[in-house]
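Structure record follows, encoded as structure tokens.
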2 protein chains.
Amino acid sequence: MASGISLKELAAELKLAPSTVSRALNDSYEISEATKKKVISMAEKLNYHANPFARSLRENKSKTIAVIIPERINSFFAQVMDGIEEVAQEHGYHLLIYNTHEDLEREMKIVNLLLNGRADAIAMSVTSQTKDSSHLQKLHNRGLPIIFFDRVSPEIPTTKFITNDYESTFEGTKHLIQQGCKKIAFLTLGKDLSISKERQRGFQDAITSEGWELQPSMIVQCCHEEETNVKLIEELLLSPNRPDGILSSVEKLAFATYHAVKRTDLRIPYDLKLISFSNASTASLLNPALTTITQPALTIGYECAKLLIKKLTKPNHYDLIDQVITIPSKITIRESTCQD
Amino acid sequence: MASGISLKELAAELKLAPSTVSRALNDSYEISEATKKKVISMAEKLNYHANPFARSLRENKSKTIAVIIPERINSFFAQVMDGIEEVAQEHGYHLLIYNTHEDLEREMKIVNLLLNGRADAIAMSVTSQTKDSSHLQKLHNRGLPIIFFDRVSPEIPTTKFITNDYESTFEGTKHLIQQGCKKIAFLTLGKDLSISKERQRGFQDAITSEGWELQPSMIVQCCHEEETNVKLIEELLLSPNRPDGILSSVEKLAFATYHAVKRTDLRIPYDLKLISFSNASTASLLNPALTTITQPALTIGYECAKLLIKKLTKPNHYDLIDQVITIPSKITIRESTCQD
DNA sequence: CATAATTTCGAAATCGTTTCCGCATTTTAT
DNA sequence: ATAAAATGCGGAAACGATTTCGAAATTATG
């Protein structure tokens, strides 16, 4: 219905063969400058636009990259997408974007959808539930270039971008300790996630490096349901041996903590200090301003896209080798961990 | 490279004609149950996946909807996208997403990219600079179903979804007045935008309905550059006839206001009351909590997608008629406009 | 049993590109 | 002057699916 003129029709109009017109439009050396000009100007005049599907079919590539994220309302993922899009657009690539909503079922469905070659490559961050990776393995086996960021799948031998999860969490915890915290809780989402494990390890090592004993009740498994999390954290804060510091490994758990605190008569930072992984630009506007561990989201997006495109444009000269590339986060200290 | 088995190969394996296999997989009535079963099980066994481009080429449709937004780090647009994706996924549609970064040049490039039929339909919100609509007209002329949300282009005769911009702003302004404000400023982005005009009209009518005179200096034209906006607002707040109330028509201008206020010794809500259009879930966590006009973002997303898909699945029985559908916003009063 | 009707399937065209191969014609080399 | 090479273009196949048309096989009907 919305179809315009085809190459064949354009060729007929020019009294040339379709092959000639195709070559002219693709600036082939076999075509004289004179015909090229004629073809191009006629193409513009008739408003010719090459059918992308015919081209994709013929060339076996779609000029499309799929991006799969677990959550859209999340400043980190939003920034990564902006980064990916920037580089992709530069190279003429389009972006198919899928939100799994932290739901493994949906992730599997989406991944299966991509098995048919609709996208030339994939950049993704898995859900917090993703433990088994057989669905991802299928993608990889099919030869589809795939790259992970932040929430990586360790079993797939490809390039992964993460931040220095262990070190940032270690430092973040140390910061809480320096600020006088004696009992610190760690909020986390999926315990199967590799970054969760690393962050937890950083947290634990910081605790034990003080000669303190690690209390299991201070490792709090949260879910993706906001209200449930708020209640969970509220209970934690009302318990007899409540923490005086919290390190949240996920942005939204920090927000949940704010909400939970509001329900108690505790005050941040006096009764509770809070630090969290977050890329929210509003961190400094919160009440009180949130001390954050900020990931280099935009850079991660750039690098993911760059590598994927490198692989797509030089498939034989470059491979997405099995490596983890770490780009450090930055801690920004604000009021939520500092009482003047 | 990543190509799997083709229909023809599958047919060969089954000793059937490609046409038969195609029909079997599409559950055609002309094929016996016996062969259908055989075909389907063999397809699964050989991991057959129909090539989407061959299908798109043949059927002249891509099962893809393009979404164009001016900004990704914006809770409103993020929620709209979630809404669109939800409905689209239900109907087997994929989403191509483009961020124009409030840049008209980019918007035009992206729109031109979509002229070739890569997407079956478009849902978009224009940039704050978009005044001329000839590039959008081209899309529409091509017969591509297009729908606008929030930032609409009035000249394109199609369905548009907005909120009750005039009324919400009117009420928001009245609320400031009720809270004791005597001089109110209005922060806006593009003055050519239809929603900006409507919101500004609501603001002005609320002012004049009090018998007050409208002061031109209280209409503040902002840009998309954060730091510039902060300075602009700071100057406003330091000027001799500074406002004691601000209505921000855009979420990020509210954030800019918070930052600007921090640079002065004014305090919200005592010296300045603030209300803003915003869908940020963190509005209640800000310092002080922000009074918001919240748009029904998710619903807008749902409705956009529903209508587009209705048009795509029943092209002859339904048209995207030239109408503006209004879904009301909700005002949530918080501390930024209330001193106890 | 012969014929008609119905089921079930195959051959081939088609969508719009790109590209391999081939054929003139012109230019350059011998 | 003739052979060789370069230039410029056309014809047709190919990518992988769907679909129209038609034919064979099966079943029903008289």
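A note on names: the letters A, B, ... follow the listed sequences, proteins ahead of strands, and every chain is numbered from 1. All values below come from the heavy atoms of this structure, side chains included, with hydrogens, waters and symmetry mates left out.
- With 3.5 Å as the limit, one finds a donor-acceptor pair spanning the side chains of A/H135 and A/E107.
- For A/R55 and C/dT18, the shortest distance from a side-chain N or O to OP1 or OP2 is below 4.0 Å.
- Atom CD in A/E59 sits about 17 Å away from atom P in C/dG16, given to the nearest Å.
- Close to D/dA17, at under 4.0 Å from its OP1 or OP2, lies a side-chain N or O of B/Y48.
- Here B/S32 reaches the OP1 or OP2 of C/dC9: one of its side-chain N or O atoms lies under 4.0 Å away.
- With hydrogens and angles ignored, no donor-acceptor pair under 3.5 angstrom links the side chain of A/R23 to the base of D/dT7.
- Relative orientation of the A/H94 and B/Y98 rings is perpendicular, given thresholds of 30° and 60° on the angle between their planes.
- Between the CZ atom of A/F53 and the C1' atom of D/dA14 there is a distance of 20 Å, given to the nearest Å.
- Between B/R58 and C/dT14, a side-chain N or O to OP1/OP2 separation shorter than 4.0 Å is absent.
- Listed pair B/N51 / D/dC15 fails the phosphate criterion, with no side-chain N or O lying under 4.0 Å from OP1 or OP2.
- Heavy-atom nearest nucleotides on DNA chain C were determined for A/L25 and for B/I31, and the one closer to the 5' end corresponds to B/I31.
- For D/dC15, the OP1/OP2 oxygens have no side-chain nitrogen or oxygen of A/S56 closer than 4.0 Å.
- Atom CD in A/E30 sits roughly 19 Å away from atom P in C/dT25 (whole-Å rounding).
- Residue B/S19 is classed as a base contact, given a heavy-atom separation below 4.0 Å to a base.
- Closest approach of A/S128 to A/E102, counting heavy atoms only: N-OE1, 2.9 Å.
- Using a 4.0 Å heavy-atom distance criterion, B/S6 is classed as a sugar-phosphate-only contact.
- Salt bridge A/D120/A/K61: absent, no basic N to carboxylate O contact under 4.0 Å.
- Rounded to whole Å, atom P of C/dT8 lies 13 Å from atom CG of B/D27.
- Using a 4.0 Å heavy-atom distance criterion, A/K36 is classed as making no nucleic acid contact.
- A side-chain donor-acceptor contact under 3.5 Å links A/D132 and A/S134.
- Closest contact between the side chain of A/L16 and the listed nucleotides C/dT18, C/dC15, D/dG10 involves D/dG10.
- Nucleotide C/dC15 holds its C1' atom 15 Å from the CG atom of B/N116, rounded to whole Å.
- Nearest nucleotide to the A/T20 side chain, out of D/dC9, C/dT18, C/dC9: D/dC9.
- To the nearest angstrom, C1' of C/dT8 lies 17 Å from NZ of B/K37.
- Taking only side-chain atoms of A/L57, from C-beta outward, the nucleotide of D/dT18, C/dT17, D/dG16 with the closest atom is D/dG16.
- Note: CG (A/L10) to P (C/dG16) measures 13 Å, nearest angstrom.
- Residue A/K63 contributes atom NZ, which lies 17 Å from atom P of C/dT17 at whole-angstrom precision.
- Taking 4.0 angstrom as the limit, A/T35 places a side-chain polar atom (N or O) nearer than this to OP1 or OP2 of D/dC9.
- By the 6.0 Å and 45° rule, A/K311 does not stack over the aromatic ring of A/Y318.
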